[in-house]
*Asks:* 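I'd like to ask some things about the structure below.
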Number of protein chains: 2
Amino acid sequence: MATRDRRPQRRNQVLSREQIIDAAIGLLDSGGEGALTVRALSERLATGSGAIYYHVGNRDQLLDTATETVITSALETESSQAVATPEEEIRRVALALFDAIAEHHQWLATRLTLQIVRNPAGPVTVEIFERIGRQVGALGVPRASWFDATSTLVHYILGAVSQNARMDGDTSGIQPDMDREEFFDATSTAWQELDPENYPFMHAIVGQTKQHDDRDQFLTGIAIVLAGLTHLR
Amino acid sequence: MATRDRRPQRRNQVLSREQIIDAAIGLLDSGGEGALTVRALSERLATGSGAIYYHVGNRDQLLDTATETVITSALETESSQAVATPEEEIRRVALALFDAIAEHHQWLATRLTLQIVRNPAGPVTVEIFERIGRQVGALGVPRASWFDATSTLVHYILGAVSQNARMDGDTSGIQPDMDREEFFDATSTAWQELDPENYPFMHAIVGQTKQHDDRDQFLTGIAIVLAGLTHLR
DNA sequence: ACCTGAACACCGTTCAAGT
DNA sequence: ACCTGAACACCGTTCAAGT
C-alpha cells in the first residue's frame, strides 16, 4: 500500500516531534520535572539522545513545548462551551487552568509561571491575557485600567494555582511517604503547637484549614478579586 | 589572647553554617539557582565538598535555609516600623516581599513559592500568614472567612511577585543579551503584530504596558483585593 | 568533632559517523 | 534527512581516611 512515498522526504523519518512531546508529558506526569531526562526519554522512545536533539533542540525548549501543548488544549476545550456572563467566563478560564495544573501537578505550575515571565509574547501568555482581558472590558472596568485589572486577575490565578500544586520537583517534604490527608493533619497539629501569644491568628484558623476545599477556596478568591474590580476608579 | 578555649568543642571548627549560607546567597544572587553548585561553594569557601554536607545536609536544604534567612530578615525590618492602619500594614508586608524578591530576583520567587507549598508549618509560611491574617481580622472580615481572605491575599502577592521576578533559572529567553527595556520593547512590538481580529484586547493594552511601573501595578492589585475583601459576606 | 578529596552514579549536550 | 551512541564536561552525594 504505502510503497510509493508522496513526500520528497527521505522517508526513514520514524520519530516525530509530537511523539517526543507526548512521551515527555508522560514522563513529567509520572515523576515531575526530575523524571524528564533525555536518557529516560530516548529509552522510552527507543532511540539515541541525538535523535531527540535533532527534533527538539533542547531540554528547556521541550519543557516549554510540553507546557504550551497542555495549556493550549485546556483552554481550547474550555472555549467550546457556550458564552455566558463575563464573570462566568473568567471563572471558566480560571478553572481550566486550575484543573490542568491539578492534573499535571508535579510540574505544570512552575513551568507555566516561568513561561509567562520569560515569554510574554508567546501563545500561552497571549491566550490567557486575551481570554481574561476581554471579559474585564465587558465587566465595565474603564479602559485605562484594563491592563492593571487583567494583570491582577492573572496574578491571583497563578499564585493560587501554584500554591495548590502539591510539592514540585522532588518529594523531600520531611517524609516522602505521606498522602494528602496526613500532610494536612501534620500541618494543623504543627500550627496548634505554635505559641498562642505570638501566633493568635494561626490558632484562630486551624479549624478552617482542616475541612476546606481547594477548588472552593479558589473560586472564593476569584469572587473577591472580581468584587474589587467593580470598585475600580 | 585566645590561647585557652572556653568551649568544649574540638576548636578546629573553622567553617560555620552562617558562612555557608551567606556564601550560598552570594552565589545565588550572582547567577541564579544554577550558580549554586556544591563545587562553586566549596571553592569560594576554600574547603572540600564534604565539609558543606557536614554542616548543611543537602543542596535542597541549603536553598530552603537561604530563602528562610532572606525572607525572615525582610519581614523583620518591616515590622520595626510603627503600626498604622490594617490596609497600610498589609501593604508593608506585601512590599517587603516584593522588594526582597526584586533584590534576589534570579532565584527567590520560585523558592519562596516552593517553601510555602511544601512546608506550611515552617517559619516562612507561618510568619507571612500571621502577619497578614491579623490585619484581615482588623479589617472587619467575618471570622469564618479569615482563612479564605488571607489565602486570597497571599496567593495574589505570590503570583504578582513571581511574575515580576525577571527570568529565573537561566537566561535563555530568546536573546541572552537583552536588558529590561529592550525586553519590554520586543514584547510590545510582538503584541502589535498579532492579528487584530483575534486579539483585540492585546492591541488595546499595548500602550498601557509600555509605560507601566511594576511596583505601582502591584499596589493597585493589592488595593483591588482589599476592596473585594470589604464586600465579603 | 570537623574536614579532605577521590569515587560513584548520574546529568545535558555535541558530534563524527552511519543510512 | 534522519538517526546512532560514544565522549565531554559537568552535576550532587557519599565515605574512608585524616587531624
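Numbers restart at 1 for each chain; the letters A, B, ... are given by sequence-line order, proteins then strands.
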*Asks:* Is it true that B:Lys210 and B:Asp185 have a side-chain N and a carboxylate O under 4.0 angstrom from each other?
*Replies:* no
*Asks:* As an exercise, state the distance from CG of B:Leu158 to CD1 of B:Ile128, rounded to the nearest 0.5 Å.
*Replies:*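 Atom-to-atom, B:Leu158:CG and B:Ile128:CD1 are 6.5 Å apart.
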*Asks:* Is the ring centre of A:Phe98 less than 6.0 Å from the ring centre of A:Phe218?
*Replies:* yes
*Asks:* Is the phosphate of D:dT13 approached by B:Asn58 (side-chain N or O, under 4.0 Å from OP1 or OP2)?
*Replies:* yes
*Asks:* Given D:dT13, C:dG12, C:dC3, which nucleotide is nearest the side-chain atoms of B:Val38?
*Replies:* D:dT13
*Asks:* In whole Å, I'd like the distance from the CZ atom of A:Arg59 to the P atom of C:dT14.
*Replies:* 14 Å
*Asks:* For DNA chain D, produce a single dot-bracket line, 5' to 3'. Pairs: Watson-Crick or G-U wobble, both distances under 3.5 Å. Symbols: ( ) within strand, [ ] crossing, | other strand, . unpaired.
*Replies:* ||.|||||...|||||.||
*Asks:* Nearest whole Å is fine: how far is C:dG12 C1' from A:Leu62 CG?
*Replies:*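 Nearest whole value for this atom pair: 12 Å.
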*Asks:* In Å, rounded to the nearest 0.5 Å, how long is the span from NE2 of A:His155 to CD1 of A:Ile116?
*Replies:* 8.5 Å
*Asks:* Check whether any side-chain nitrogen or oxygen of B:Tyr53 sits under 4.0 Å from OP1 or OP2 of D:dT13, and answer yes or no.
*Replies:* yes
*Asks:* Work out which heavy atom in A:Arg131 is nearest to a heavy atom in A:Leu75; give both atom names and the distance.
*Replies:* NH2-O, 2.5 Å
*Asks:* Could you give all pairs that pass the side-chain hydrogen bond (donor to acceptor under 3.5 Å, both in side chains) test and reach residues 39-55 of chain A, with sequence neighbours left out?
*Replies:*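 Residue pairs with at least one partner in residues 39-55 of chain A: there are none.
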*Asks:* From CD of A:Glu33 over to C1' of C:dC11, roughly how many Å is that when rounded to an integer?
*Replies:*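 Whole-Å distance recorded here is 14 Å.
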*Asks:* Can you tell me if B:His55 touches the phosphate of C:dA1, counting only side-chain N or O atoms and a distance under 4.0 Å to OP1 or OP2?
*Replies:*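 Answer is no, no contact under 4.0 Å.
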*Asks:* Round to the nearest Å and state the distance from B:Glu43 atom CD to D:dG12 atom P.
*Replies:*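 Atom-to-atom, B:Glu43 to D:dG12, this comes out as 13 Å.
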*Asks:* Does A:Leu36 reach a base, just sugar-phosphate, or nothing at all? Heavy atoms under 4.0 Å.
*Replies:*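 Sugar-phosphate contact only - A:Leu36 comes under 4.0 Å of backbone atoms but never of a base.
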*Asks:* Please give, in whole Å, the distance from D:dT4 C1' to A:Leu15 CG?
*Replies:* 12 Å
*Asks:* Categorize B:Leu45 for me: base, sugar-phosphate, or nothing, with a 4.0 angstrom heavy-atom threshold over every strand shown.
*Replies:*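 Nothing: the residue B:Leu45, judged by heavy atoms under 4.0 Å, touches no strand.
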*Asks:* For A:Leu27 and C:dC11, what is the distance between atoms CG and P respectively, to the nearest whole Å?
*Replies:*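 Interatomic distance, CG of A:Leu27 to P of C:dC11: 11 Å.
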*Asks:* Would B:Arg118 and B:Asp60 pass as an ion pair if we require N to O under 4.0 Å?
*Replies:* yes
*Asks:* Any chance you could measure B:Ile52, atom CD1, to B:Gln19, atom CD, to the nearest 0.5 Å?
*Replies:*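 Interatomic distance, B:Ile52 CD1 to B:Gln19 CD, rounded to 0.5 Å: 11.0 Å.
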*Asks:* Given 3.5 Å as the limit, does a donor-acceptor pair link the side chain of A:Thr189 with the main chain of A:Ala186, or not?
*Replies:* yes
*Asks:* Report the distance from atom CZ of B:Arg17 to atom P of C:dC3, rounded to the nearest whole Å.
*Replies:* 14 Å
*Asks:* Could I get a table of every N or O pair under 3.5 Å where one atom is in the protein and the other is in nucleotides 5-9 of chain D?
*Replies:*
from: D:dG5; atom 1: O6; to: A:Gly50; atom 2: N; distance (Å): 3.2

*Asks:* Establish, with yes or no, whether the OP1 or OP2 oxygen of C:dC2 is under 4.0 angstrom from a side-chain nitrogen or oxygen of B:Tyr54.
*Replies:*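 Yes, within the criterion.
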*Asks:* Would you mind reading off the distance between B:Ile52 atom CD1 and D:dT14 atom P, rounded to a whole angstrom?
*Replies:* 14 Å
*Asks:* Side-chain donor-acceptor pair under 3.5 Å between A:Glu193 and A:Tyr199, yes or no?
*Replies:* no
